[in-house]
Amino acid sequence: MQKTLLLVDGSSYLYRAFHALPDMRNAANEPTGALYGIINMLRRLRIDYPAAYLACVFDAKGKTFRDDMYADYKATRASMPEDLVKQITPIHAAVRAMGWPILMVEGVEADDVIGTLTVQAVAHGMDAVVSTGDKDLAQLVNDHVTLINTMNNEKLDRAGVIAKFGVPPERIVDYLTLIGDTVDNIPGVAKVGPKTAVKWLAQYDTVDAVIANAANIGGAVGENLRQVLDWLPKAKELVTVKTDCDLSAHMVSIPESLKAPEQDKDTLIELFTRYNFKTWLRELSGPGDTAVVAEGAGKTADNDSVAKSAQGGAEPAQSSLFSKVERHYETVLTEAQLDQWLKRIDGATLTAVDTETTSLEPMTAQLVGISLCCEVGTAAYIPVAHRYQDAPAQLSREFVLEKMRAWLEDDSKPKVGQNLKYDSHIFANQGVNLRGIVHDTLLESYVFESHRSHDMDSLALRHLNHQTITFQEVCGKGASQIGFDEVEIGRATEYAAEDADITLQLHLAMWPHIVDDAKLRFIYEEIEVPTSVVLQKIERNGVLIDASRLATQSNELGKRMLEIEQQAYDLAGQPFNLSSPKQLGEILFEKLKLPVVKKTPSGSPSTDEEVLQKLAEDYPLPKVLLDYRSLSKLKSTYTDKLPKMVNQNTGRVHTNYAQAVAVTGRLASNDPNLQNIPIRTAEGRRIREAFVAPEGSVIVSADYSQIELRIMAHISGDENMLRAFAEGVDIHRATAAEIFGTPAAEVTSEQRRYAKVINFGLIYGMSAFGLAGNLGIERAAAQMYIEKYFMRFAGVKQFMDETRVQAKAQGYVETVFGRRLWLPEINSPNGQRRQGAERAAINAPMQGTAADLIKLSMIAVQNWIETDRLKSKMIMQVHDELVLEVPQDELELVRVKLPQLMAGVAELRVPLIAEVGVGKNWDEAH
DNA sequence: CTGCTAGCATA
DNA sequence: GTATGCTAGCAGA
């Protein structure tokens, strides 16, 4: 592999970091902003550009040759602010401790040192990557030297330089000579800016040639040019970066002198302690830092609420880095513009992609425009289907997609987006298969802060301190809402290009929080991102529904409901709306004077199932209502609704899996929800009969057996429970045997039922009160069972206590794989809320680990299907169950392999077991 | 038309 | 007692 030398223009970042970050200070009131910014930047760099050889170059004190040849060199530059001066020493110390050789050469500017090193590196057969915020260094770029700007993710190779400046790298010196450099106080030609410089260079090629032809250039600028003919050669020398400096006094040889040393952990701990970078510190001293050290990186600020409040605002969102970036948004209306953007994104390290469409329904929405951003602040919007009075001519949807297809479908062109699963559908609707999804800001936020909101507007506000243009501002709301295709293109560009720009910035802001944390990184890279790709496929596969069967059921249900309705009217002595809890309450509790069993949170008498069940013991009407309710639920939610959700094009039902809503890591299914299709009652199960396989295929369902209890056994390490699972016995029976102190063979069905309720209660963080309610026994009796349980399963008790402690101490609990589940209310002064959070804390590791496991299963199964080119397809996920549609000739294969894959995704202290069922429909497959 | 409550389907 | 999403009714626009 090609060796790479990674060079950082430390000086160029000093000022930028200092000015971009707010005034941060440690307890001793020492300024820390620039220090924080530089450390953060170097860490990110090491991750994004792994290189064996490194150097961070700073300007040294003292005059340089430029000062000697030009008295006013940098004359306009103010002296370094005192707060920055104070940070220089710690910055150098930190850079060194992080394992970066530092180069400071007296009498030679950092630029010249870098220039010289790149030339030497190339001479040694290496490539060089130069990280700088200074565009002047573009002159160093060639086939082996690339420029990157970590502040805005910009990457400049030869093509990039041409795209950005309009001239190739070897003409950058000429270009800068003509324009001048106000920062260094080097004048160029008055009134000549980038446009004119590019024009002249296109015509005459070099500054020397421009000078030679000065007499032929007309206009005021021609006159200005002739005024400075004598100066230009000197300006050219000033802006030229030297590549032949003598560095022999500072290094033995290239590249050995620049081999990255190990990071100096002790010094880093000292520095991070002194400057109060707690999160980095925690990572250095905490567990899991082996992986981190191996990458030569520590841990970045996580800005969680705990950290923030605890340290009074040190480690701010690095977002502020971007708030000052100048914005340049372009509407792409011509083929030439599109070509230029294609060139840019083709060479980009990462491109933010966003689509604008006619609706939010992923399977039917039509593409209206595409926005792109591969450099912070610079984005494009490509409208392809805006249609309103006098809309300008646009490139057609088909044309743009064909031009972009190669890039969109290229797995090696890295893309980021906000919920790219949606955009993937939009592209798929047009026959384009989006590949190369390496990041998704929705998932980054979800993995980083499970409990917070993940919509782009909130994220921008939180991480970038930026208020985005909202969809509502652009399209209005309610009846007067217009489609995005009716939005004026200029306005659409402001909105859409900003979305892509913000997406890229959000990634840059959130990624450091994940990349340095081995566990979060695993969850993100190995679970969430691949899961989103799999989900998109499952959603697209869809489920075949026997609509006529459901219609028949709807009819029957309707008839029976009418009969029941009549009975209810007779019993009530008047007609009323059975679906209205309010009217029902009046009938039951006012007219018929039935006793109020419990009240709703709002104070009215409850009429829920539990209440009606109780009242049904003594009165006829409640029973009738229970029947009505169950039928009505089935009809309205399922048998009426599902046929309406069949996609006209595919003839199937396509749910949408929400990947970032459930705080435990579970998926949620909506439009329609396929995760709550009835199963408990015979009546309800008939709906599953309508979930069918097409001719020649069958439905295969595989579900994890007792997954959450197994996870509890694993996490708690409780010996009794582990043994029960290891022996493969009936877990509820085993539990009953322990609690009631009888041999397993003598456990009664009543005892087993109790044990089962207790087992479930445990998973939910049960209290004696809750258990009593559920079993219909006294609270004291319930308490006794719980105590008995904890005596026999002491490991479980210990796990629960420890989980509560951990949750309170750090504000979150973790799954087995390290997913963080935040519990904002765990220390709430409100007892009710706090106890709620405690129960959630108990439940979350189990529910969350189960979610991790089945996501890993989905990835494994999809991978298998694609590798072996099977025709079987996943069509649903229901928390612990995967449902596939399998052609007959693949049945035996799937039947064996599917549960193996599911059981094999992780090695826990208990065996994982997946049970398979097969049938013509989903009901039979269970 | 929007947002809320009550109730109920699933794991 | 955990985690979700959807429906109907109803109140206030």
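Everything quoted here is computed from the prediction, not taken from an experiment. The sequence lines fix the lettering, A, B, ..., with proteins before strands; numbering per chain opens at 1.
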task = Please collect all ring-ring contact (aromatic ring centres under 6.0 Å, His included) contacts where either partner lies in residues 767-792 of chain A, sequence neighbours excluded, each pair once.
result = Phe740(A)-Tyr785(A), Tyr754(A)-Tyr785(A), Tyr789(A)-Phe793(A)
inquiry  = Using a strict threshold of under 4.0 Å (side-chain N to carboxylate O), is an ion pair present between Arg652(A) and Glu885(A)?
reply    = yes
Set of side chain to side chain contact (heavy atoms under 4.5 Å, CB included) partners for Asn647(A), sequence neighbours left out = Met363(A), Thr364(A), Asn649(A), Thr650(A), His654(A)
Taking only distance into account, with no hydrogens and no angle test, what donor-acceptor pairs under 3.5 Å do side-chain atoms of residues 848-857 of chain A form with protein atoms, sequence neighbours excluded?
from, atom 1, to, atom 2, distance (Å)
Thr849(A), OG1, Val816(A), N, 3.1
Thr849(A), OG1, Pro845(A), O, 2.5
Asp852(A), OD1, Arg819(A), NE, 2.8
Asp852(A), OD1, Arg819(A), NH2, 2.7
Asp852(A), OD2, Thr815(A), OG1, 2.7
Lys855(A), NZ, Glu528(A), OE1, 3.1
Lys855(A), NZ, Glu528(A), OE2, 2.8
Lys855(A), NZ, Gly665(A), O, 2.7
Ser857(A), OG, Tyr704(A), OH, 2.6
Ser857(A), OG, Leu853(A), O, 3.4

ask   = Listed in order of residue number, which residues of residues 770-785 of chain A have a non-hydrogen atom at under 4.0 Å from DNA chain B?
value = none
inquiry  = What's the separation between atom CZ in Arg685(A) and atom NE2 in His926(A), rounded to the nearest 0.5 Å?
reply    = 10.0 Å
ask   = What's the spacing between Glu556(A) CD and Met561(A) CE if we round to 0.5 Å?
value = 13.5 Å
query = In residues 626-639 of chain A, which residues come under 4.0 Å of DNA chain C by heavy atom?
reply = Lys633(A), Ser636(A), Thr637(A)
message = Please list, in numerical order, the residues of residues 845-859 of chain A that have a heavy atom closer than 4.0 Å to any atom of DNA chain C.
response = Gln847(A)
task = Could you check how far CG of Leu667(A) sits from C1' of dT2(C), rounded to whole Å?
result = 17 Å
ask   = Just how far is it from atom CD of Gln675(A) to atom CZ of Arg666(A), taken to the nearest 0.5 Å?
value = 8.0 Å
inquiry  = According to salt bridge (charged side-chain N to carboxylate O under 4.0 Å, His left out), does anything in residues 574-585 of chain A pair up with another residue at least two apart or in another chain? List the pairs.
reply    = Lys582(A)-Glu586(A)
inquiry  = Quiz question: going by heavy-atom distance under 3.5 Å, is there a donor-acceptor pair between the base of dA9(B) and the side chain of Arg680(A)?
reply    = no
ask   = Roughly, in whole Å, what's the span from CZ in Arg666(A) to C1' in dT2(C)?
value = 8 Å
remark   = Here the residues of residues 918-926 of chain A within 4.0 Å heavy-atom distance, strictly under, of DNA chain C are none
task = Any salt bridge (charged side-chain N to carboxylate O under 4.0 Å, His left out) involving residues 764-777 of chain A? Give me the pairs, sequence neighbours left out, ordered by first then second residue.
result = none
inquiry  = Of the listed nucleotides (dA9(B), dT4(C), dA8(C)), which one gets closest to any side-chain atom of Pro678(A)?
reply    = dA9(B)
task = To the nearest 0.5 Å, tell me how far Leu557(A) CG sits from Asp640(A) CG.
result = 8.0 Å
Sort me out a list of protein N/O and nucleotides 10-13 of chain C N/O pairs below 3.5 Å, or just none if empty.
from, atom 1, to, atom 2, distance (Å)
dC10(C), OP1, Ser580(A), OG, 2.5
dC10(C), OP1, Gln583(A), NE2, 3.4

query = Is Arg820(A) salt-bridged to Glu449(A), going by a charged N under 4.0 Å from an acidic O?
reply = no
query = Does a donor on one side chain and an acceptor on the other come within less than 3.5 Å for Glu802(A) and Gln798(A)?
reply = yes
key: Partners meeting ring pair (Phe, Tyr, Trp, His ring centres under 6.0 Å) with Phe691(A) (sequence neighbours left out)   = Trp922(A)
message = Can you see whether Gln553(A) engages Thr639(A) through a side-chain donor-acceptor pair at a distance of less than 3.5 angstrom?
response = no
Side-chain donor-acceptor distances from residues 619-627 of chain A under 3.5 Å, at least two apart:
from, atom 1, to, atom 2, distance (Å)
Lys623(A), NZ, Asp627(A), OD1, 2.9

